[in-house]
Colleague: 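Dumping the structure here so I can ask a few things about it.
In the text below, chain A, chain B and the rest are named by the order of the sequence lines, each starting its count at 1. What you see below is based on every heavy atom in this structure, not just the backbone, and it leaves out hydrogens, waters and symmetry mates.
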2 protein chains.
Amino acid sequence: MTERSWPDLATLELLSSVARTGSINQAAELHGISQPAASWRLRRLEELLGVTLLRRTRSGAQLTPDGSAVVGWAERVLTSARDLLEGVEALTSDGHAALRLAASLTVAEYLLPGWVTPLTRQHPDLALSLRMANSTDVVRLFERGEVDLGFVEGARAPAGMQGRTVWLDELVVVVAPEHRLARRRSPLGPAHLASTPLVAREVGSGTREVLERALAQHGLVPSVALELASTTAIKSAVAEGDGVAVLSLLAVARELADGRLRLVPVVDLDLSRAIRAVWPRSQPLNEYARALLEGIRHTG
Amino acid sequence: MTERSWPDLATLELLSSVARTGSINQAAELHGISQPAASWRLRRLEELLGVTLLRRTRSGAQLTPDGSAVVGWAERVLTSARDLLEGVEALTSDGHAALRLAASLTVAEYLLPGWVTPLTRQHPDLALSLRMANSTDVVRLFERGEVDLGFVEGARAPAGMQGRTVWLDELVVVVAPEHRLARRRSPLGPAHLASTPLVAREVGSGTREVLERALAQHGLVPSVALELASTTAIKSAVAEGDGVAVLSLLAVARELADGRLRLVPVVDLDLSRAIRAVWPRSQPLNEYARALLEGIRHTG
DNA sequence: GGTTCGTTCTAAACTCTCTTTATGACCGAG
DNA sequence: CTCGGTCATAAAGAGAGTTTAGAACGAACC
């Protein structure tokens, strides 16, 4: 179905070499192929992308503006491809140690890095594989035995799985520094928050759900002025203008630290949600999954 | 020189499809190739990686544990490859708008995302390309005209370039919550900090340099107990044990927010360094680079 | 229990991508 | 001017990757 034709990783690496050496010839030599072959591949790549990448002169080849942009992207592709090979390497080395994780986007982005680094320091040869997946996807991955340990947000563990709460994600109210609420001294009550027009994620998203549930306990519903699709979109919208948002503390920690956003204190409202590690009831955790959980317990 | 042979992106995508559909046959159909072709490609991939990816039965194909790990990595590769194609797409669409940035690792990781999102919201079709590079690399990239705007840490702009300070990165002293310094009430003085054994980056790194210069103003030198190669290594070392580290506030904002690290106040010491946007004196900034700078000024 | 559908593998023929080898043309430095 | 460097072109060849065709096996269903 996907009718795209992918560029060739070897050619991307070749292009990167041309950028470094300034010569198709030398780049070809680096890769152990003949100069015409290199030239031909680069031309094919240009054809595929529909962009002129190189300005070929009689004294070398230089990147066009478009070309240097492509090199920037290409290097990222190569980096992740190297990660793949490196991971497989770890997989095939005697220990055969692998830990396959699945986590929601926010967990993967904000929490998992901190949990995982200690583990990789203890086991440098451990092959860590992470897949982004929402709660329902995680269940399916477990059914197929494709994952060792998963992380989901939500009230309780999915059916057939056991879990352990590893984190309490706290939602906070944030505004731009210029916003009038930023100067407010006394904390916001539930009624006041409910009457404030918010910038929020769509209905069905995790954070939106927590907010609605918390307000519902006081018989209130949030008033949403603007719905955006991603957390970063909300953050930049609020930072620019005069909006008010309710977001995970983790997602805005950096912005709070550097002053792009201000925190507005709230009282009498439980804006927290559990983040739990889950695994199938039927099979025990492997050594590394246990170690990871132990590490999280320690820090949390 | 690099004697590696890269996996084929189409095959990686095929593998991902097999994981989803549970059938080589269906995956082949999705990609518009015959079943034997798909089977052959997957076998080649297994051969290349030296890993058995699939358990083939008469009623479908399932990932092996190794296979699912590989799928996790493969999906990342495909994502970055899609970013490349998407970027080129934006490049070739009529506007031809591109902005090529180069930044140091820390700027790229901690600051740039926040600066860039407003810009991409204003110009959704802008092709943004980012290359990681240290200060000297940035100069070389400019010489070759491969970059529109760069970001470097350091006292002053490199020769031949003009720059503008866009950020003051502040270094802070952090410890684990259990550390005795975490309970300390009164702020630390320069002499006390200099006599405290630190976990630090190697000599020559940006943060180390700032620390040494700040202490030197008081005729002091830091005492380093342990040198580590990366900021994340330092963070996890300090979070686990009883070390003391001096790190960028941005790098530890998340850990401070979630309580894995505690901040130790310091007085009488200038632990800040400038981060500046730089561009060649010879050529003017393009429209988007100007817009980006303007946006930074606004928030900063 | 057989029949049918779906799955896989194997084998042989073929296509065509990509490579090398062998050129030629051009530029700049010594 | 010549030498060493660059790139492009052309022709021929290798081999990767494809398709078509056929066979074997398992599961589900009547």
Colleague: Can you list the residues that meet the salt bridge (charged side-chain N to carboxylate O under 4.0 Å, His left out) rule with B:R43, with sequence neighbours excluded?
Modeller: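 Counting only residues at least two positions away or on another chain, B:R43 forms no salt bridge (charged side-chain N to carboxylate O under 4.0 Å, His left out).
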Colleague: Under 4.0 Å, counting only non-hydrogen atoms across every strand here, what does B:S23 touch: a base, just sugar-phosphate, or nothing?
Modeller: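 It contacts sugar-phosphate atoms only.
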Colleague: So which of residues 35-46 of chain A are in contact with DNA chain C, with a heavy-atom cut-off of under 4.0 Å?
Modeller: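 By residue number: A:P36, A:A37, A:W40, A:R41, A:R44.
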Colleague: If the condition is side-chain contact (heavy atoms from CB on, under 4.5 Å), which residues does A:A289 pass it with, not counting sequence neighbours?
Modeller: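 Testing A:A289 for side-chain contact (heavy atoms from CB on, under 4.5 Å), a comparison that skips the adjacent residues, returns A:L99, A:L149, A:L285, A:N286.
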Colleague: Within this structure, what is the CD-to-P distance between A:E29 and D:dC7, rounded to whole angstrom?
Modeller: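 Taking atom P of D:dC7 as the reference, CD of A:E29 is at 12 Å.
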Colleague: According to side chain to side chain donor-acceptor pair (under 3.5 Å), who are the partners of B:T92, at least two apart in sequence or on a separate chain?
Modeller: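 Applying side chain to side chain donor-acceptor pair (under 3.5 Å) to B:T92 gives none.
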Colleague: Shortest non-hydrogen contact from A:P113 to A:A108?
Modeller: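 Reported closest heavy-atom pair: CD-O, 3.3 Å.
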Colleague: How would you list all residue pairs meeting salt bridge (charged side-chain N to carboxylate O under 4.0 Å, His left out) that involve residues 32-42 of chain B, not counting sequence neighbours?
Modeller: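 Of all non-adjacent pairs touching residues 32-42 of chain B, those that pass salt bridge (charged side-chain N to carboxylate O under 4.0 Å, His left out) are B:D8-B:R41.
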Colleague: Can you build the contact string for nucleotides 23-30 of chain D? Use B for base contact, S for sugar-phosphate-only contact, and - for no protein heavy atom under 4.0 Å.
Modeller: -BSS----
Colleague: Can you sort out the partners of A:P65 under side-chain contact (heavy atoms from CB on, under 4.5 Å), two or more places apart, ordered by chain and number?
Modeller: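 Residues passing side-chain contact (heavy atoms from CB on, under 4.5 Å) with A:P65: A:R55, B:R100.
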Colleague: List in chain and number order the residues that pass side-chain contact (heavy atoms from CB on, under 4.5 Å) with A:V139, two or more places apart in sequence or in another chain; answer none if no residue qualifies.
Modeller: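 In terms of side-chain contact (heavy atoms from CB on, under 4.5 Å), with neighbours along the sequence ignored, A:V139 is linked to A:E143, A:P158, A:M161.
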Colleague: Using the ring-ring contact (aromatic ring centres under 6.0 Å, His included) criterion, which residues pair with A:Y288? Sequence neighbours excluded.
Modeller: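 Counting only residues at least two positions away or on another chain, A:Y288 forms a ring-ring contact (aromatic ring centres under 6.0 Å, His included) with A:H123.
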Colleague: Of all nucleotides in DNA chain C that come within under 4.0 Å of a heavy atom of chain A, which is furthest toward the 5' end and which toward the 3' end?
Modeller: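 From 5' to 3', the first and last contacting nucleotides are C:dC18 to C:dC27.
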Colleague: D:dT9 C1' sits how many Å from A:R56 CZ, rounded?
Modeller: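 Atom-to-atom, A:R56 to D:dT9, this comes out as 14 Å.
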Colleague: Could you give all pairs that pass the salt bridge (charged side-chain N to carboxylate O under 4.0 Å, His left out) test and reach residues 122-140 of chain B, with sequence neighbours left out?
Modeller: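 Applying salt bridge (charged side-chain N to carboxylate O under 4.0 Å, His left out) to every pair that reaches into residues 122-140 of chain B, excluding sequence neighbours, yields A:E75-B:R131, B:R131-B:E146, B:D137-B:R140.
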Colleague: Going by side-chain contact (heavy atoms from CB on, under 4.5 Å), name the residues that satisfy it together with B:A28, two or more places apart in sequence or in a different chain.
Modeller: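 Result, side-chain contact (heavy atoms from CB on, under 4.5 Å) vs B:A28: B:I33, B:A38.
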